[in-house]
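What follows is one structure encoded as C-alpha cells, with my remarks underneath.
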Amino acid sequence: MQATNTAAALNDLVGALAVNASKPFEQALAMPPGVYSSQEFLGFEEAAVFQKEWLCVGRAETIPEAGDYVTFDILDEPLVVIRGNDGEVRAFSNICLHRMSRLLEGRGNAKRIVCPYHAWTYGLGGELMGAPHMDKSECFNKRDYQLPTARAQVWQGWIYVTLNMDAPDLDQHLAQLGEQVTNRYAMENYVELFREEHVWNTNWKILAENFMESYHLFRLHAATVGPHSNIDEMECPPGGDAFNYHWITKESSLAIGNAHPDNAHLEGDWRKTTALICAYPGHLITLTPGYFWYLCLQPRGVGQVHIIYGGGFAPEYVNDPDADQMAQDLKTLLDEVNEEDRIGVENVYRGTRGKLARNGHLSHLERPNFEFGQYLARKIAHV
Ligand code: FES
Ligand SMILES: [Fe+2]
C-alpha cells in the first residue's frame with residue numbers, strides 16, 4: 001500500500017511538472033515543492049539527467065600539461081579527467097581494475113597512475129603498464145586490462161564529461177548557446193584564478209534556480225550587490241533546449257565587470273553587458289566582459305548539493321598591473337555574495353519540505369526558471 005501511495009504521489013508530481021511546463025510563461029508557476037524534496041523524483045533525475053547529460057568539470061587551461069588531472073565523480077561513478085601525451089583530454093574510470101580502490105584524488109599531475117593499494121600502474125591512456133607480484137597468477141595478462149572510458153570534450157575552454165555514449169557531440173549540443181550568447185566574449189581565452197569545492201544543505205535545483213534569476217538581488221543581496229542592481233537593466237530572452245540565460249545590461253559597479261581598454265573584440269553596449277547562463281543541468285556561468293565565475297552542481301542526495309565554485313579573468317585583465325588586487329577584491333565580493341546565496345537557498349529547501357508549502361506564480365524576471373522546469377519536464381515527464 002505504501003509503495004502504491006508513493007508511486008501515485010510521484011505520478012502526480014511529474015504530472016504537475018508537465019502541466020506547468022505546457023503553460024504560457026505569463027501563467028506559469030514555480031515548480032511544485034515535491035520536486036525539491038522527493039527521494040523518488042531524485043531517482044528520476046539521476047537516471048534521466050545526470051547519467052545522460054554532459055556535465056562540466058571545470059576549465060581546460062587548468063590542466064595544460066600531459067598528466068595534469070582532475071578527479072570528478074558523476075553521482076557515485078568516480079572518474080578522472082587527464083591530459084594525455086598527445087595533448088588530448090580524456091576521462092577514465094578512477095577505479096582500479098584489481099580490487100576497485102579509487103586511484104587518484106583531487107587534482108595534480110601524474111606521469112603514471114599508480115593505485116595507492118597494491119601499486120598496479122596505468123599509463124595516461126588508461127592501459128595497465130605494471131602490476132607487482134602478479135607473475136605467479138596463471139591467467140593474469142596485463143594486456144587484458146584497460147581503464148574504462150567516459151566521454152570528455154572541451155567547449156570554449158570548458159571540460160565536460162558524460163557517461164552517455166550516445167549524447168550528441170558537445171559542440172553541436174551547445175552551438176546555439178555559443179551563437180546566441182557566448183561567442184562574442186571569446187570565453188575560451190578566459191583564465192581561471194581560483195577553484196573550490198563545497199557541499200551546501202539544499203536541493204541542487206534550488207541553487208541552480210537561484211543563479212538563473214536576478215530578481216532576488218535587491219533583497220537577498222541588500223548588503224552587497226543589491227544596491228547596484230536595477231530591475232530595468234535585466235533582460236530575460238528565451239533560451240534553447242540546452243540552456244537558459246539572462247542579461248544585465250548596465251555599467252558594472254566593479255571596474256573588471258566592464259571590458260578592459262585592451263579588449264578589441266567587444267563593441268558598444270557589449271563592453272558592459274553581463275550574461276548569466278545555465279547550461280543544463282547545472283553549469284552556471286556569470287560571464288562579464290572582464291571576468292567570469294561559475295558553479296558546477298550535482299546532487300548528493302535530495303538535500304545536499306556538491307558545488308565546484310571557480311572564477312577568473314578575461315585575458316586582457318590577467319596582465320593588468322593591478323590584476324592581483326582586482327583578483328583579491330573580486331574573490332572577497334564573490335565569497336560574500338555566495339554566502340548570502342547559501343543562506344537563501346538553504347532557507348528555500350527547508351520551506352519545500354513543509355506540508356503546507358505551495359508554489360506561486362513566477363515574475364517576468366524568472367523566465368529562465370520557467371524554461372528550466374520545461375527542460376526537466378522534457379527529461380522526466382517526456383513532454
Ligand atoms: S586495488 Fe589497486 S592495486 Fe589492488
Ligand atoms: Fe544571488
Side-chain angles (χ1 to χ4, degrees), residues 14 17 21 41-60 62-63 69-84 86-95 125-126 146-183 187-188 204-205 208 211-212 238-245 277-285 294-300 305-308 368 371-383:
V14 173
L17 184 71
F41 191 83
L42 177 68
F44 280 177
E45 290 176 334
E46 289 178 344
V49 176
F50 289 92
Q51 304 268 9
K52 291 280 167 56
E53 294 280 61
W54 286 103
L55 303 176
C56 184
V57 178
R59 294 289 297 174
T62 64
I63 55 165
Y69 70 85
V70 54
T71 59
F72 181 78
D73 292 4
I74 296 183
L75 303 173
D76 291 330
E77 194 67 61
L79 300 174
V80 57
V81 177
I82 193 161
R83 199 175 286 275
D86 57 359
E88 286 296 309
V89 172
R90 297 187 177 83
F92 295 106
S93 168
N94 191 24
I95 307 170
Q146 163 72 39
L147 293 174
T149 55
R151 288 171 72 198
Q153 293 183 4
V154 176
W155 176 81
Q156 299 197 351
W158 300 101
I159 303 167
Y160 281 72
V161 299
T162 182
L163 299 172
N164 180 0
M165 292 301 162
D166 298 323
D169 275 353
L170 190 59
D171 276 344
Q172 182 191 336
H173 182 62
L174 295 178
Q176 190 188 346
L177 172 57
E179 284 158 21
Q180 218 160 306
V181 187
T182 60
N183 289 354
M187 184 164 58
E188 63 275 16
W204 73 275
K205 296 185 294 301
F211 204 101
M212 286 173 206
D241 283 352
F243 70 99
N244 65 48
Y245 73 109
I277 300 158
C278 175
Y280 300 139
H283 181 203
L284 306 155
I285 312 165
Y294 69 94
L295 305 176
C296 304
L297 309 183
Q298 273 197 68
R300 292 284 182 261
V305 56
H306 177 266
I307 304 164
I308 300 170
E371 293 186 355
F372 181 56
Q374 290 183 312
Y375 160 77
L376 287 173
R378 284 196 297 279
K379 295 291 163 189
I380 289 169
H382 307 292
V383 294

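Excluded from the calculations below are hydrogen atoms, water molecules and symmetry mates; all remaining heavy atoms, backbone and side chain alike, are included. Along the sequence shown, the residues carry numbers beginning at 1.
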Are [X] and [Y] side-chain neighbours, meaning at least one heavy-atom pair lies under 4.5 Å?
{"X": "R90", "Y": "V80", "value": "no"}
{"X": "L163", "Y": "L79", "value": "yes"}
{"X": "H173", "Y": "D241", "value": "no"}
{"X": "L55", "Y": "F72", "value": "yes"}
{"X": "T182", "Y": "Y245", "value": "no"}
{"X": "T149", "Y": "S93", "value": "no"}
{"X": "I285", "Y": "F211", "value": "no"}
{"X": "I159", "Y": "R59", "value": "no"}

Original post:
Sequence neighbours excluded, which residues qualify as salt bridge (Lys or Arg N to Asp or Glu O under 4.0 Å) partners of D73?
Top reply: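 D73 satisfies salt bridge (Lys or Arg N to Asp or Glu O under 4.0 Å) with R102 once adjacent residues are dropped.
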**OP:** Answer yes if the ring centres of F372 and W204 are under 6.0 angstrom apart, and no otherwise.
**Re:**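 Yes; W204 has its ring centre under 6.0 Å from that of F372.
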Subject >> Check: H283 ring centroid to F243 ring centroid under 6.0 Å >> reply: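 No.
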Original post:
Do Q153 and D169 get their side chains close enough for a donor-acceptor pair, meaning under 3.5 Å?
Top reply: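 Present: a donor and an acceptor within the cut-off.
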**OP:** Could you verify whether a donor N or O on one side chain and an acceptor N or O on the other, from Y160 and E53, lie under 3.5 Å apart?
**Re:**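 The criterion, which ignores hydrogens and geometry beyond distance, is not satisfied for E53 and Y160.
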Original post:
At their closest point, which heavy atom of E371 faces which heavy atom of G239, and how far apart are they?
Top reply: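 Closest approach of E371 to G239, heavy atoms only: OE1-N, 3.0 Å.
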Original post:
If you look at every heavy atom in W54 and P168, which pair is closest and at what distance?
Top reply: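 For W54 versus P168, the nearest heavy atoms are NE1-O, 2.8 Å.
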Original post:
Just wondering, more than 12 heavy atoms not from D76 lying within 6.0 Å of its CG?
Top reply: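 Atom CG in D76 is not packed in, count stays at 12 or less.
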Subject >> Among T162, L297, L75, side chain to side chain contact (heavy atoms under 4.5 Å, CB included) partner for F50 >> reply: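 That would be L75.
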Subject >> Candidates V81, I82, L147, T71 - the one meeting side chain to side chain contact (heavy atoms under 4.5 Å, CB included) with N94 >> reply: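 Answer after filtering V81, I82, L147, T71: T71.
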